[in-house]
Amino acid sequence: MREIYAGMPWWVKWIAVPVIAIFVFGGLIASVIGFVISLLFKALVFVVLVGGLIFVVRKFTSSTSSRGDW
């Protein structure tokens, strides 16, 4: 197989084979990329929500403890 592939012209190796691979596996590649992007987006939303929750809890606990000093 390697000998057959080595005997092919350059345009078959560098243009035709990648185009065929993208045509055959394009849906799989797109779904994997979409899954990774959605996972990163969900992780970012999670970090923002947890950070906001920590900020709100610290804000209320510091204001509650300062009111108790009166």
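Values in this document were obtained by computation on a predicted structure and should not be read as measured data.
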For Phe23, look at atom CZ and say whether over 12 heavy atoms of other residues, nucleotides or ligands are found less than 6.0 Å away.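 Not more than 12 within 6.0 Å, no.
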
Considering only Ile, Leu, Val, Met, Phe, Trp and Tyr, and joining two whenever side-chain heavy atoms are under 4.5 Å apart, list the other residues clustered with Phe46.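 Direct or chained contacts put Phe46 with Val50, Ile54.
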
In the hydrophobic cluster built from side-chain contacts under 4.5 Å, what are the other members alongside Leu49?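 Via sub-4.5 Å side-chain contacts, Leu49 links to Phe41, Val45.
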
Are Leu53 and Phe60 connected into the same hydrophobic cluster when the rule is that any two of I, L, V, M, F, W, Y join if their side-chain heavy atoms are below 4.5 Å apart?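 No, Phe60 does not connect to Leu53 through the hydrophobic network.
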
Check: residues 14-21 side-chain donor-acceptor pairs under 3.5 Å, at least two apart:
none

Which pairs would a plain distance check flag for residues 25-37, meaning a side-chain donor or acceptor within less than 3.5 Å of a matching protein atom at least two apart in sequence or in another chain?
{"residue": "Ser31", "atom": "OG", "partner": "Gly27", "partner atom": "O", "Å": "3.2"}
{"residue": "Ser31", "atom": "OG", "partner": "Leu28", "partner atom": "O", "Å": "2.8"}

For Val47, what residues pass the side-chain contact (heavy atoms from CB on, under 4.5 Å) criterion, not counting sequence neighbours?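 Val47 satisfies side-chain contact (heavy atoms from CB on, under 4.5 Å) with no other residue.
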
What closest approach, in Å, do Met8 and Lys13 show between heavy atoms, and which atom pair accounts for it?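 Of all heavy-atom pairs spanning Met8 and Lys13, the closest is O-CE, 3.4 Å.
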
